[in-house]
Amino acid sequence: MTHADRLLAWYDRHRRTLPWRAAPGERTAPYRVWLSEIMLQQTTVATVGEYFRRFVERWPTVEALAAAPLDDVLSAWAGLGYYARARNLHACAQAVSDRHGGRFPEDEASLLALPGIGRYTAAAIQAIAFDRPASAVDGNVERVIARLYAIETPLPDAKPDIQVRAARLVPQQRAGDYAQAMMDLGATVCIPRNPRCVICPLMQNCKGRKLGIAEELPRRAPKAEKPTRRGLAFVLLRKDGAVLLRKRPAKGLLGGMDEVPSSPWREGPFVESSAMSEAPVPARWTVMTGLVRHTFTHFHLELTVARAIATTGRLAGLAPGTSWCELNKLDERALPTVMRKVIEHAVKA
DNA sequence: AACGCGTGGGG
DNA sequence: TCCCCAAGCGT
């Protein structure tokens with residue numbers, strides 16, 4: 001019995017039902033495979049579920065998604081993080097509609113040419129949507145392979161070796177099930193801490209287990225410490241319960257998303273009086289007690305929050321790119337989580 | 001080829 | 001409270 005046979009037999013018994021997963025023996029439509037894979041990049045299954053359902057209900061086809069305004073896509077994506085994914089998702093939908101007549105290509109080169117589709121996602125789409133024997137190596141598979149072969153080289157240096165070994169195991173038959181089985185194994189059995197080796201279908205083959213070092217693998221290069229940036233966020237409220245928002249630049253951190261105005265976020269000591277000079281409008285700003293803390297990929301953020309009530313006279317001439325949004329309609333806006341926390345902090349206190 | 005890029009849950 | 005890390009990609 002080969003590695004793939006053992007894994008597929010396990011998968012047939014333990015296959016999970018997921019929103020994007022077709023019934024046994026059937027294929028998920030390429031649009032759904034693609035959409036779920038983009039959402040699942042660096043994001044947990046539990047988080048993605050509801051977003052996936054909302055997206056496919058609102059945009060049932062790639063052409064519908066391509067026809068949507070980018071801002072609608074960003075709003076629907078709000079909270080999922082890594083917002084470049086949403087921008088690329090939209091661009092990719094348009095490319096598939098325009099270049100490929102609304103059908104996803106099956107070959108690796110064409111897939112890799114689409115925005116937001118890299119090595120892993122191209123392989124996952126080939127395998128899951130088209131049952132082609134492509135090797136999809138994500139973080140789960142890296143862990144499984146590193147343990148299976150007791151690869152002691154730390155990531156990311158071990159990646160080429162892992163890629164080669166993973167590719168050698170891919171079966172010609174049931175490639176889609178195999179790809180999902182490897183990821184499921186990593187997500188439910190060969191987990192980062194306290195791996196459940198005793199129920200693992202590959203236990204007999206696992207060199208890491210034999211050596212007693214499975215849980216320590218994969219080793220990783222030490223990561224850099226995160227600096228802390230600080231700033232002052234301005235929540236301007238209208239008496240009827242609306243808040244002033246502005247649009248962030250199209251690229252970079254939270255690119256294309258909405259935010260409340262704020263002073264620049266900088267490392268080092270926070271000087272409230274100088275930050276206050278960045279206020280979007282002259283008003284009686286009240287500095288709230290407490291801080292809003294948020295951690296991004298590469299830095300911690302501590303925002304002090306100032307609040308003011310807008311007087312009707314100065315509402316008209318606000319800077320371009322700014323707009324009012326009623327507090328009960330914030331869900332419809334492209335507000336990242338950090339900004340929801342800021343507004344909540346300002347309103348509830 | 002490093003680095004920039006979000007967020008939430010678990011230990 | 002903190003650290004880890006998750007179905008990675010673009011530059």
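Worth saying up front: this structure is predicted, and the values here are computed from it rather than measured. So you know, we letter chains A, B, ... as the sequences are listed, proteins then strands, and number each from 1.
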[X] near the nucleic acid: base, sugar-phosphate alone, or nothing, with a heavy-atom cut-off under 4.0 Å?
| X | result |
| --- | --- |
| A:Leu80 | base |
| A:Arg143 | sugar-phosphate |
| A:Leu301 | nothing |
| A:Trp20 | base |
| A:Thr43 | base |
| A:Gly186 | nothing |
| A:Arg32 | nothing |
| A:Asp184 | base |
| A:Pro156 | nothing |

Are A:Phe234 and A:Trp285 an aromatic pair by the rule of ring centers under 6.0 Å?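 Centroid distance A:Phe234-A:Trp285: below 6.0 Å, so yes.
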Could you tell me how far apart A:Trp265 (CH2) and B:dG4 (C1') are, to the nearest whole angstrom?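 Distance, rounded to whole Å: 14 Å.
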What integer distance in Å separates A:Lys226:NZ from B:dT7:P?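 The distance from NZ of A:Lys226 to P of B:dT7 comes to 12 Å, rounded to the nearest Å.
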Please round to the nearest 0.5 Å and tell me the distance separating atom CE of A:Met182 and atom CG of A:Leu169.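 If we round to the nearest 0.5 Å, A:Met182:CE and A:Leu169:CG are 6.0 Å apart.
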Practice task
Pick the P atom in C:dC9 and in B:dG8, then give their distance to the nearest Å.
Solution key: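 These two P atoms come out 22 Å apart once rounded.
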| Distance between P atoms of B:dG11 and C:dA7 (Å, rounded) |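 So the two P atoms sit 15 Å from each other.
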Closest-nucleotide 5' rank along DNA chain C - winner of A:Arg21 and A:Leu114: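 The answer here is A:Arg21.
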Mapping A:Pro218 and A:Leu112 onto DNA chain C by nearest heavy atom, which one lands closer to the 5' end?
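Looking at the nearest nucleotide for each, A:Pro218 comes out on the 5' side.
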- Task: With sequence neighbours excluded, tell me which residues meet ring pair (Phe, Tyr, Trp, His ring centres under 6.0 Å) with A:Tyr149.
- Result: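 By the ring pair (Phe, Tyr, Trp, His ring centres under 6.0 Å) rule, A:Tyr149 matches no residue at all.
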Tell me, please, which residues at least two apart from A:His294 pass ring pair (Phe, Tyr, Trp, His ring centres under 6.0 Å).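 Result, ring pair (Phe, Tyr, Trp, His ring centres under 6.0 Å) vs A:His294: A:Phe296.
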Proximal nucleotide (of B:dG6, C:dA7, C:dG10) relative to the A:Asn88 side chain:
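In terms of side-chain proximity for A:Asn88, the closest of B:dG6, C:dA7, C:dG10 is C:dG10.
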| said: From the set C:dC4, C:dC9, B:dC5, return the single nucleotide nearest to any side-chain atom of A:Thr121. | reply: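 For A:Thr121, the side-chain atoms sit closest to C:dC9.
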* Asked: For A:Asp72 and A:Trp59, which heavy atoms make the closest approach, and how far apart are they?
  ->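 That would be O-CH2, 3.7 Å.
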